[in-house]
Every structure is written in C-alpha cells, then in structure tokens.
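Both ligands and their constituent atoms are indexed starting at 1 by order of listing. Sequential numbering from 1 along the given sequence is applied to the chain's residues.
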Amino acid sequence: MKKDELLAPGHRTCAGCGPAIAIRLLLRAAGKNTVICNATGCIEVTTSQYPTTSWKIPWIHVLFENAASVASGIREALDMQGKEDVNVIALGGDGGMLDIGIRAISGLWERGHNVLVITYDNEAYANTGVQRSGSTPWHASTTTTPSGPASKGKGQWKKDMPSIAAAHHIPYVATASIAQPFDLDKKIKKALSIKGPKYIHIHCPCTIGWRFDESKTIEIAKQRP
Ligand SMILES: Cc1ncc(C[n+]2csc(CCOP(=O)(O)OP(=O)(O)O)c2C)c(N)n1
Ligand SMILES: [Mg+2]
C-alpha cells in the first residue's frame with residue numbers, strides 16, 4: 001500500500017474486485033480534500049463494517065434513493081461556510097445510480113450543484129446476489145435473467161446513462177474504465193476542476209457476477225471497448 005493511499009486495506013471486497021480498483025484510483029485522483037456520499041452497494045458494505053472503516057476521508061453512507069440529495073445538501077452547506085474548494089462526490093453502483101437513485105441525480109444535475117456524480121458499473125446488483133439492473137447488457141445471464149434453454153438472458157438493452165447525463169446539458173460527462181487508469185485519473189481531475197454538476201461512468205468487471213478468475217479483472221475490462 002502506498003503511504004498516501006486513501007482507501008485503507010483490510011476491507012472486505014472480493015479478491016479481484018473491479019469496483020475496489022475504481023475507488024482506489026478515484027481517491028488517488030480526487031485527493032484528501034473530498035467528501036463522499038456513498039449509496040448502498042458492494043463498496044459501501046465492504047468498506048464500512050462497524051466499528052471499522054477503510055475511508056481516510058469524510059464519507060457518509062446514504063440510501064440508494066438519496067445519495068445525490070445528500071450530496072447536494074453537503075455542497076450547499078460547504079459553500080455557505082466558504083469551503084468551495086472541497087470536492088463533493090456522489091458515488092454508487094449501477095443499480096443505485098441508474099435505477100433506484102436516478103430521480104435525485106437528475107434533480108442534482110438540473111439544479112446545477114457543484115458535485116461530481118460517479119457510477120461504478122459492474123452491470124448488476126452484485127451485493128445482493130447478482131440480479132439484473134438497468135445497466136446489465138443485452139442477453140447477459142444474471143440470477144434474475146438466467147440464460148438456458150428457456151431464456152437467452154436479459155431481454156433489454158443496457159441503459160445509456162452517459163447520454164441521459166449529457167441530455168441535462170451539464171458541463172462535463174465522461175465514460176471510463178479501470179482498464180485505462182491514466183485516462184480515468186485525467187478524467188476525474190478534469191471533472192473536479194470544473195465548477196458545476198459532472199458525471200463519470202466507470203466500467204468495472206465483477207469477478208463473482210461475471211464468473212471469471214480473480215486474476216483476470218483487468219484483462220476482462222480491456223475486452224470492453
Ligand atoms: C431501497 C433498497 N432496495 C434494495 C436494497 C438491497 N440492496 C442492497 S445492496 C443492493 C445491490 C446494489 O447494486 P448496485 O447499486 O449495482 O451496487 P453493487 O452491489 O453492484 O456494488 C441491493 C439491491 C436496499 N438496500 N435498499
Ligand atoms: Mg452493480
């Protein structure tokens with residue numbers, strides 16, 4: 001572990017967890033002067049088991065529904081205290097951000113709060129047993145869309161969240177992947193340099209959900225254009 005690493009080891013993500021890599025890269029890019037509002041999901045559950053925490057920065061667990069609402073409130077409170085330089089990030093998985101929490105995120109973007117919204121996209125509700133989400137791709141096999149003789153897997157297309165973000169005419173929208181860490185780093189830094197609402201969608205494979213060996217996370221990530 002690097003001395004200045006902001007996600008401490010000892011958390012309980014799976015070996016080879018794609019989202020854990022995304023969060024470490026995120027924190028390296030964002031730095032200490034950051035507050036994170038984290039919706040329920042694998043990252044929240046595995047990093048904050050009472051009475052421990054892996055977060056070395058201010059971090060709050062919020063419901064799926066209101067990560068963006070809480071982040072908006074924190075932003076406004078910090079600004080009132082003259083702390084405009086503090087980064088506020090609303091963070092969640094694809095289920096939390098694309099499905100359950102989308103209403104509050106849309107509100108945040110529309111109102112124009114100076115907040116970076118981040119989805120770490122493992123393409124399923126992984127924490128509860130790999131159920132399909134709006135972000136699960138066409139024909140992917142999940143526990144609620146199993147492929148087999150009676151079904152070809154999920155029967156709907158992946159929800160295009162970056163386009164939904166862009167349709168809000170916010171100043172910055174980007175897609176990224178843990179397969180391209182330098183690109184991800186640049187995009188986070190660029191987003192945080194812009195005052196206003198921002199969105200970054202980070203694609204990250206899930207070893208349990210996608211059923212690949214834990215040593216192959218980056219290799220699998222690289223296969224997705
Ligand atoms: C309103 C609500 N519905 C369902 C749950 C149960 N639940 C906890 S974690 C989780 C999966 C979240 O999926 P995602 O946001 O994609 O994050 P991941 O687990 O994949 O990291 C679910 C459904 C909950 N905590 N709250
Ligand atoms: Mg997920």
Asks: For the residue pair Pro197 and Leu108, establish whether any side-chain heavy-atom pair is separated by less than 4.5 Å.
Replies: yes

Asks: Scan side-chain atoms only and decide if Trp55 and Ser48 contain a donor-acceptor pair under the 3.5 Å cut-off.
Replies: no

Asks: Do the side chains of Asp121 and Lys158 get close enough for a salt bridge, i.e. N-O under 4.0 angstrom?
Replies: yes

Asks: Stepwise, does the side-chain contact (heavy atoms from CB on, under 4.5 Å) test hold for Val117 with Ile170?
Replies: CA-CA 11 Å; Val117 178; Ile170 58 178; over 6 Å; no

Asks: Check this for me: does any side-chain nitrogen of one of Arg111 and Glu76 sit under 4.0 Å from a carboxylate oxygen of the other?
Replies: no

Asks: For Gln180, does the CD atom sit with more than 12 other heavy atoms under 6.0 Å from it, leaving out its own atoms?
Replies: no

Asks: Check for me: within less than 2.8 Å of the Mg ion (ligand 2), which protein N/O/S atoms show up?
Replies: Asp94 OD1, Asn122 OD1, Ala124 O

Asks: Report all N/O contacts between ligand 1 and the protein shorter than 3.5 Å as a table of atom names and distances to 0.1 Å; if there are none, say 'none'.
Replies:
residue	atom	partner	partner atom	Å
ligand 1	15 (O)	Gly95	N	3.3
ligand 1	15 (O)	Gly96	N	2.7
ligand 1	16 (O)	Asp94	N	3.3
ligand 1	16 (O)	Asp94	OD1	3.1
ligand 1	16 (O)	Gly95	N	2.8
ligand 1	16 (O)	Ala124	O	3.0
ligand 1	19 (O)	Cys42	N	3.2
ligand 1	19 (O)	Asn127	N	2.8
ligand 1	20 (O)	Asn122	OD1	3.0
ligand 1	20 (O)	Asn122	ND2	3.0
ligand 1	20 (O)	Ala124	O	3.0
ligand 1	20 (O)	Ala126	N	3.0
ligand 1	21 (O)	Cys42	N	3.0
ligand 1	21 (O)	Tyr120	OH	2.7

Asks: Any salt bridge linking Lys159 with Asp99? Criterion: basic side-chain nitrogen under 4.0 Å from a carboxylate oxygen.
Replies: yes

Asks: Testing the basics here: between Lys187 and Ala174, what is the closest heavy-atom pair and its distance to 0.1 Å?
Replies: CD-CB, 3.9 Å

Asks: If you group Ile, Leu, Val, Met, Phe, Trp and Tyr by side-chain heavy-atom gaps below 4.5 Å, do Leu27 and Trp59 land in one group?
Replies: yes

